Amino acid sequence: MLPLSRLPPMRRTAVQDSAPPGPRTTLGALITAQVTSHGALHVKTVEPFACAPLERPALEALALGEVEFDVRRPLFLDTETTGLAGGTGTLAFLIGLATVHQDRAVIEQAHLPGPGQERPMLQWLRERLEAATCLITFNGKSFDWPLLRSRYVMNRLAPPPERTHLDLLHCARRVLRYQLEQTQLGTLERAVLGVHRVNDLDGALIPAVWFDYLRTGRVAALGRVLEHNERDVRSMVELVAWLTDAWEGRREVSAEARLGLAVVAARLGDDERALRWVPEVPGRCGALANELKAGVLRRRGDVQGAVASLAAALEASPSPARVHLRLAKLYEHQLKDPHQALLHAPKARDAETLEANTRRQSRLARRTSRGD
Amino acid sequence: MDQSTSFTSPRSTPWGHLSGVDAVVAKWHADAQISKGLVLDQTLPGATADSVPLPSNLSAPLRAALEKRGISTLYTHQAQAFELSNSGHDVVVATPTASGKSLCYVLPVLEALARNPGARALFLVPTKALSRDQEASLRGLMTDAGLDHGAITFDGDTPGDARRIAKQRSGVILSNPDMLHSGVLPHHASWSRFFAGLEYVVVDEVHAYRGVFGSHLANVLRRLDRVARFHGAKPRYLLASATIGNPQEHASRMLGREVALVEKSGAPRGERRLVVYNPPVVNAELGIRQSYIKASAKLATDLVRAGVPTLLFGQSRNTVEVMLKYLRDWLAESRLSPDLVHAYRAGYLPQTRRDIEARLRNGEVKCVVATSALELGIDVGSLDAVVCAGWPGSMAALWQRFGRAGRRQGTSLSLLVTSSGPVDQYVAGTAHQLTQAPVEHARIDPDNLEVLVQHLKCAAFELPFEGGEAFRDVSAEKVREALDWLVTHQVLHAAPLADGRSTYHWSADAYPANDVSLRSVGWDNVVVIDVSTDATIAEMDWRSSHTMLHEQAIYQHEGRQLQVERFDYENHKAYVRPVEPDYFTDAMTHTKVTVLRREREDVRPRVELGGGEVSVIERVVGYKKIKFHTHENVGYGDVRLPEIQLHTSAFWLTVPEAVLLELTSRTPKPDVIDALAGLNAAMHTVAAVGLMVDPRDLGRTIGSREGGGRPARAEEPTLYVFDRMPGGVGLASRLYDERDALLARTRLLLEGCSCTEGCPACVGPVAGRARKSLALAVLTHLGVGA
């Protein structure tokens, strides 16, 4: 006998269950089980909803052209897990998928009946992945996908097929970083999708709901997890449409979002689009837009235009030193005007090392005194 | 002084025929001041090399790589380790420092890689610096042998790309136990290729994993074996240990199975002169001696002046800095360059360390001052003298430091300078026995319940426990009992199987490895938060937090002082803010013992000795403010914290009522109790030395026969020495087994101490009372004769 009673008190890791256990039901009461060769599989299919077909050029642009997307059969994926820390002890107990057929999206959700019964669900996911041409998630590159891959290893199954993966978190952050301080899915829903969840389950409580189900067999609260997950998947589908429309100019967006789109276009080398998107507004956003515009103009050989944009940016720039530095460089190297450059160089002090700035100033001073 | 001496190089041996070391020691003997303190000067003989040809079954590319480096033979212990591991044994190599231990484990690993491109090996190395060094030398040898498996260090500093390579491609991973525990095992699914190919696990410096840390490591290795089995591998272990009393037993406890021992070194060794210097007493009443730091630097200066390459060990970063300054000042006085002396720290970049090592080898640097970084196996080439400023804590650590000198032919010097601390003075008093002193045993208790349960949590997170599964050497029955307990605490979920057994799944929203620190017995660690930056700067185990993190305590962290503003006991958080006080705080603890079970008893006519399970209740009642440098007491404060209960094992000594009455018939009772408290302190010192443990690992108190109660009122006062690790790691039962030696040595300590009536080295500092002589009288009365 181990003297376990002598151990000091343990901090409770799970939510304490104060209510008496309710009627012990099974997951089957919530989602009917299908019998598969691997065991019981609980999949719920949600009423299809309208959805525009995915557009390859827009998605590739939003992913900065890093990969090629075959958008014929996209698979949207979001999991609900027993914890956020990751590691082999964390399970995905609910996998929500959306597939798009022509103009309709279908959501399917597979729910785990209990630990140690993952195989049917993983097999089901494998079939869906095999049928898909690309994978779309929100923060799935660092969370959902590595976690799912581990589940295959833990269940001694062959690794799931890898599909081209578009992580909407990164796409949305690039476009909306000037408009929103945070780009979690909930924030995006409220700010751009116009979705206001009613009676939504707080994501932080989801693991506790699962553990409560494990201990008591009560499935009522799992229904709310299904709703939460369905909403997440639906929002991903809507977010893709929103971003695509914005990129193609079919939707009115804020000046800040236009700046985000312009930055993406500039990084892709799409100068036309970048110049079209650059917003002309006062304030910080306008200043950053002018800085961006200056870079694009400079690349196209329009040095005077670049100088004008930078001058316009100076007023409200969040980092004037950086703008002064760019002006000093343009005046010295492109316009061969050391006098003008020397006006900006001292103000560029905070944008480069003291040593570099001192060298710059003394070189310019020498050139002005030589009269070149 | 020879005025013609050039500024940059020390003068060559001015004493004619005598070589450097002998000349310097002769000079010390000739110095009236110094010679008084030389309590030991003994010469240990050397040994010649014992070599054998390279093993015939060594792969050709590996043989070529060795021959390219001029290695055409192996020392006998290296060849033995190779044969043993090649034939499937787990091996522990316990030869002295600088005997070429690393080749003992590197060769079998490289041989495995040479035979199998998919083979993998894990090296557990205790420090980052050592890990990078090992990585570099392994890579060099692997390149020469044409092995393209790669070797990579995986720790907190490893960048993302390298982490991916480590998981997928690298043949050798060098890491540390903490990283394995919290960064690799809980994510083993993404290391599947590594674990599937895992053939060898190397644990370097295995003697360093003792006590709590060692008990944790044994459990981490249980988890490692379990995870490797899941991926289809069964790794063999190669362990390297410094000289300890029980390398084979320690390794077997660590691995939970038989381990083959290699301990006879075939490496050559020069003659060694062993010297102990005890600085003279400057205050006889208080037993205060001349500063050992100053004395060490002084003697090291003599060595450097004579051109002897010297290594000087300090106990802390601070003492290293102080000694470095003294040495440089004194060298400058003799018109020698201060650059002859360098500090050497674990935090230095590899390039800096390589540079210092190179300059030491070519003679530009004559002396290196270091903490313990060097004792962990870094190559500094040949050194002629090692000076240890202060007792390094154990015989094993002392021999390991001394092992840094005398690699080549000729006489080397191993010098210990003792401080006025109790353990140091004990060593100085018994210096003539130094070479016969048994080397301490490393003790661990992998089955310590708190430690075991924590790791069962981590293991269940890593892989569900199947019903009836054992945890390496922990029986299935015990495992099931602990898992069921965790189920009732809702940490695990038992899923019933058709056959009536259950599979235990992790079922909490937490990452258990983050709550388990390998360095402490920690139930739920306390997080230390710096409120000036909102950053979490440290974690501390729950028990230590009471004395270290109470409100108003000065918490020391990486050389900075921070004051605890708020201790959120319920939520395990301490909020601290940087301050610059001229004092530090010392918590005052009230300790009460209750005997739960008497397991051993030795009833003698005049004294009763015993051991068994006790409950220790400690409560921090206040703190003292102690001024830096002068150590004056400059104030007090109250602390209100709940008490901590600790179930552990203890050794005790009871004074029977009749004997107490005899004593108190001649001496007032308070004085007798005071003398007993002094004996308790001395016994604690002797126990810590004998068991090779940090004195803080043992607690002591004085109470009644059953434990509690005020000692002043006790009719049968009892001295307790208890194991501070919950559940105990067997320290107390060792004390009981060695009780006669413990009492005899306690008496010797008091008799040998040069103070008048008590000092920190024996019964503790005293004012007014004749504590020491009374304590000796009490011992005589208890039947512990002279």
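Side chains included, hydrogens not; waters and symmetry mates left out as well; all remaining heavy atoms used. Numbers restart at 1 for each chain; the letters A, B, ... are given by sequence-line order, proteins then strands. Note that the coordinates shown come from a computational prediction; the quantities given were computed from them, not determined experimentally.
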For chain B, which residues of residues 113-130 of chain A have heavy atoms nearer than 4.5 angstrom: A/Pro115, A/Gly116
What do the steps show when you test B/Trp506 against A/Thr90 for side-chain contact (heavy atoms from CB on, under 4.5 Å), and what is the final call? CA-CA 8 Å; B/Trp506 177 251; A/Thr90 308; over 6 Å; no
Nearest heavy-atom pair of [X] and [Y]: which atoms, and what distance?
X: B/Tyr511; Y: A/Ala85; answer: CB-CB, 3.7 Å
X: B/Phe230; Y: A/Val153; answer: CZ-O, 3.6 Å
X: B/Asp509; Y: A/Phe211; answer: N-CE1, 3.3 Å
X: B/His188; Y: A/Met154; answer: CE1-SD, 3.5 Å

Engaged part of [X] at the chain A interface, taking heavy atoms whose separation is under 4.5 Å:
X: B/Leu463; result: both
X: B/Thr503; result: neither
X: B/Ala513; result: neither

Taking atom [atom1] of [X] as the centre, report whether more than 12 heavy atoms of other residues, nucleotides or ligands fall under 6.0 Å from it.
X: A/Glu181; atom1: CD; value: no
X: B/Arg619; atom1: CZ; value: no
X: B/Lys573; atom1: NZ; value: no
X: B/Arg598; atom1: CZ; value: yes
X: A/Glu68; atom1: CD; value: no
X: B/Lys167; atom1: NZ; value: yes
X: B/Arg193; atom1: CZ; value: no
X: A/Arg197; atom1: CZ; value: yes

Which of the residues A/Gly83, A/Gly87, A/Ser150 is involved in the greatest number of heavy-atom pairs with chain B at under 4.5 angstrom? A/Gly87
Chain B contact via A/Leu84 - side chain, backbone, both or neither, heavy atoms under 4.5 Å: backbone
